[in-house]
A.B. asks: 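Structure below; questions to follow.
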2 protein chains.
Amino acid sequence: MYFSDLCRKIGDSQFIRMYQESNKKISSCRDCKVKSCAAAVLHAAEIDLVNENSRETSFKKGDIILHEGSMTSHIIYLKSGLVKEYQKGPGDKEQILQIIKKYTYLGLPSLFGDRVNHYSYGALEDITVCYIDLNIFNQLIRQNGNFAFEILVSVSRDSLNNFHRFMSQSQKKTYGRVADALIYFSRIIYENDVFEIPFSRQELADLIGISRESATRVLSKFNDDGILRLSGRTIEIVNPELLGQISKNG
Amino acid sequence: MYFSDLCRKIGDSQFIRMYQESNKKISSCRDCKVKSCAAAVLHAAEIDLVNENSRETSFKKGDIILHEGSMTSHIIYLKSGLVKEYQKGPGDKEQILQIIKKYTYLGLPSLFGDRVNHYSYGALEDITVCYIDLNIFNQLIRQNGNFAFEILVSVSRDSLNNFHRFMSQSQKKTYGRVADALIYFSRIIYENDVFEIPFSRQELADLIGISRESATRVLSKFNDDGILRLSGRTIEIVNPELLGQISKNG
DNA sequence: ATTTAAACGTGCTATTTATCACATTTTATC
DNA sequence: GATAAAATGTGATAAATAGCACGTTTAAAT
């Protein structure tokens, strides 16, 4: 393994910044096809400012993008791929807070707080991200009210989503929670009844807040009952109505 | 019970607005001693604008301020007293999301989303709030970047706090969760080792996500072990170190 | 002050779910 | 493609916690 690979594995942001500096900018933010909806309200001059203070980078599956506890100088915008946001709990048990899909800023709440990353971010697939200088980002918020508003909408949506998951976990039993997670993947993440999850059963369990064995068992049960069709990490939801029922009943 | 009392009990915002209209404004926002830290960045003209489009109202203990699912035309700023933010889960089980103390806007995330209140808010004590017209509020965010930034900080802090509670609930067992809640009250809400909670054991359990009986039992255990001194709803934390230890170990 | 209702504490039991152990399958590596 | 390593599935068991029942205390209403 190369040194650069190692640095990415362990989420060494110092190196990642160096790497960015050395990485030639190939395209302009003006031409970027995947810029955030918030960026739509920026003026041409503001976009150029972002252009001069941002850098595109990619990570490989399994890489750690950010480590909880680390300090931040840049905000990260996810341009493609899936990322898990997680924390280590007592006994190094990993709690996955959410699966994040493209076109999302990572860890906005941390940025407006103490600038310490409260969560870790790991790449579930090969991904591309954009690093944007935090001072520039903050400047844009203060000088462009519409941009501020869009970011506020984004943070708010995130907050509500997470509340929803919180409710699911504290009020529902194992079956209901697994059902919720499956519905979430099919509706929000993949927008399809068939999908292949890029993470292990253990990670699924860490997301739902149950044990690996329980996750396996519930999935098998759903498979036997004809609600799902399982094949490794590929999941097909055969009976969404019944799944919704299970979610609803807790 | 008077009609007005009934309306307050059930959180009838229609009536509450009428009530506000009829209620003479006694003081100006300029002189208000409890305005939000965000308001500190407003210009005099902006404060006057808020002044003309806001109204102070009070609620009695037990009143419902807002009902989940209702639409909003005003944002509510809590000037004094404690409020619970909650949702009804399957089987009408109440999940309390957080206890909110004064100098806080209620339900900001809902306002920047679909304008539907996702949670209910109930007064745990007699409280005073300020209703501010939502359009004016949004206008201020767009035209005053510093104000937007402060609101963003507020929403972010809230989001992080709730993530913290989420982690506590999904990773920790009953004892750890109760310990967390007690530490939260003493450090964040009351800033004192002795405090009197203005809510029942059932509500405490609903906040922690456990049964009433379990809450009672854990508190009794802590009392017997000399960690707490209990007397009805008055709680004295005698041994904060040990409590911290219990929280840490899950 | 008396009555009524709500909140609280506690033993017992049932249920849920984690944990352990180990067989089996899949994936990665050279 | 052989071998090692990681991930997965499944039964048995233990631990944690909810639910129930009921007696007691506290608070509210008239």
Side-chain angles (χ1 to χ4, degrees), chain A residues 1-2 5 9 60-62 89-95 124-126 168-179 181 196-225 228 230-235 246 249-250, chain B residues 1-2 5 9 60-62 89-95 124-126 168-179 181 196-225 228 230-235 246 249-250:
Chain A
M1 182 185 281
Y2 293 105
D5 289 332
K9 276 277 179 227
K60 288 183 189 148
K61 176 176 178 165
D92 259 19
K93 198 175 147 186
E94 189 171 303
Q95 171 71 37
L124 293 170
E125 309 167 315
D126 291 357
S168 170
Q169 291 212 14
S170 45
Q171 295 242 329
K172 294 177 184 177
K173 308 263 182 212
T174 308
Y175 284 67
R177 292 197 216 175
V178 175
E196 184 178 357
I197 54 173
F199 46 82
S200 68
R201 292 285 188 273
Q202 180 66 64
E203 285 174 305
L204 178 66
D206 289 340
L207 174 69
I208 296 171
I210 60 178
S211 70
R212 177 187 64 83
E213 293 92 331
S214 291
T216 294
R217 269 185 265 264
V218 175
L219 287 179
S220 298
K221 179 79 161 58
F222 284 171
N223 186 60
D224 294 348
D225 291 353
L228 305 176
L230 282 179
S231 168
R233 291 183 178 185
T234 301
I235 298 173
I246 291 167
N249 295 338
Chain B
M1 183 187 281
Y2 291 104
D5 289 332
K9 277 275 180 230
K60 288 184 189 148
K61 176 175 179 166
D92 259 20
K93 198 176 147 185
E94 190 172 303
Q95 170 71 38
L124 292 170
E125 310 167 315
D126 290 358
S168 169
Q169 290 212 15
S170 44
Q171 295 243 331
K172 293 178 183 175
K173 308 262 183 215
T174 309
Y175 284 67
R177 292 197 215 173
V178 175
E196 184 178 358
I197 53 174
F199 46 82
S200 68
R201 291 287 188 272
Q202 180 66 63
E203 285 174 305
L204 177 66
D206 289 340
L207 174 69
I208 297 172
I210 60 177
S211 69
R212 178 187 64 84
E213 293 92 332
S214 291
T216 295
R217 268 185 267 265
V218 175
L219 287 179
S220 298
K221 179 77 162 56
F222 284 172
N223 186 60
D224 295 347
D225 291 352
L228 305 176
L230 283 178
S231 168
R233 292 184 177 184
T234 301
I235 297 173
I246 291 167
N249 295 339

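Computed from a predicted structure; not experimentally measured. Just so we're on the same page: letters track the sequence lines, and every chain starts at 1.
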A.B. asks: Give a yes or no on whether A:K93 atom NZ has more than 12 heavy-atom contacts from other residues, nucleotides or ligands under 6.0 Å away.
C.D. replies: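 Enclosed.
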A.B. asks: Has A:R201 got a side-chain atom pairing as donor or acceptor with A:R212's backbone, closer than 3.5 angstrom?
C.D. replies: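 Such a contact is absent between A:R201 side chain and A:R212 backbone.
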A.B. asks: Expressed in angstrom and rounded to an integer, what is the separation of A:R201 atom CZ from C:dT24 atom P?
C.D. replies: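 Interatomic distance, CZ of A:R201 to P of C:dT24: 19 Å.
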A.B. asks: To the nearest angstrom, how far is A:K172 atom NZ from C:dT16 atom P?
C.D. replies: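 Going from NZ in A:K172 over to P in C:dT16 covers 17 Å.
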A.B. asks: Over all strands shown, is B:S200 touching base, sugar-phosphate only, or nothing at heavy-atom distances under 4.0 angstrom?
C.D. replies: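 Result for B:S200 = sugar-phosphate.
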A.B. asks: Using a distance-only criterion (donor-acceptor N/O pair, under 3.5 Å, no hydrogens), is the base of D:dG19 paired with the side chain of B:R212?
C.D. replies: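 No.
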A.B. asks: So, does B:T174 get its side chain near the phosphate of D:dT17, meaning an N or O under 4.0 Å from OP1 or OP2?
C.D. replies: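 Result: yes.
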A.B. asks: Within the structure, does a side-chain N or O atom of B:R217 lie under 4.0 Å from either OP1 or OP2 of C:dG9?
C.D. replies: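 Looking at the OP1 and OP2 atoms of C:dG9, neither is under 4.0 Å from any side-chain N or O of B:R217.
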A.B. asks: With nearest nucleotide decided by heavy atoms, which residue, A:L230 or B:I210, maps closer to the 5′ end of DNA chain D?
C.D. replies: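 It is A:L230 whose nearest nucleotide is closer to the 5' end.
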A.B. asks: Using every non-hydrogen atom in the two residues, find where B:T174 and B:S214 come nearest and quote the distance to one decimal.
C.D. replies: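 The answer is CG2-CB, 4.4 Å.
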A.B. asks: Is any side-chain heavy atom of B:L124 closer than 4.5 Å to a side-chain heavy atom of B:E203?
C.D. replies: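 A side-chain contact under 4.5 Å exists here.
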A.B. asks: What's the CG-P distance between A:L204 and D:dA7, to the nearest Å?
C.D. replies: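 In whole Å, D:dA7 P and A:L204 CG are 14 Å from each other.
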A.B. asks: Tell me the interatomic distance from B:Q202, atom CD, to C:dA5, atom P, rounded to whole angstroms.
C.D. replies: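 Those two atoms, CD and P, are 20 Å apart.
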A.B. asks: Answer yes or no: does a side-chain N or O of A:S211 lie under 4.0 Å from OP1 or OP2 of C:dT19?
C.D. replies: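 The answer is no; no side-chain N or O of A:S211 sits under 4.0 Å from OP1 or OP2.
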A.B. asks: Whole angstroms only, please: what is the OH-P distance between A:Y175 and C:dA18?
C.D. replies: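 After rounding, the reported distance stands at 12 Å.
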A.B. asks: Could you state the atom-to-atom distance from CD of B:Q171 to P of C:dA18 in whole Å?
C.D. replies: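 So the two atoms are 12 Å apart, to the nearest Å.
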A.B. asks: With nearest nucleotide decided by heavy atoms, which residue, B:K93 or A:S220, maps closer to the 5′ end of DNA chain D?
C.D. replies: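 It is A:S220 whose nearest nucleotide is closer to the 5' end.
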A.B. asks: Could you state the CZ-C1' distance from A:R233 to C:dT25, rounded to the nearest angstrom?
C.D. replies: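 Going from CZ in A:R233 over to C1' in C:dT25 covers 13 Å.
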A.B. asks: Taking atom types as they are modelled, is there a donor-acceptor pair under 3.5 Å from the base of C:dC20 to the side chain of A:E213?
C.D. replies: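 By the distance-only test, yes, there is a pair.
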A.B. asks: OP1 or OP2 of D:dT8 less than 4.0 angstrom from a side-chain nitrogen or oxygen of A:T216, does that happen here?
C.D. replies: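 For D:dT8, neither OP1 nor OP2 has a side-chain N or O of A:T216 closer than 4.0 Å.
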A.B. asks: Find the distance A:F222:CZ to D:dG9:P and express it as a whole number of Å.
C.D. replies: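 So the two atoms are 15 Å apart, to the nearest Å.
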A.B. asks: Going by atom types alone, do B:S231 and B:T234 pair a side-chain donor with an acceptor below 3.5 Å?
C.D. replies: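 B:S231 vs B:T234: no donor-acceptor pair found between side chains.
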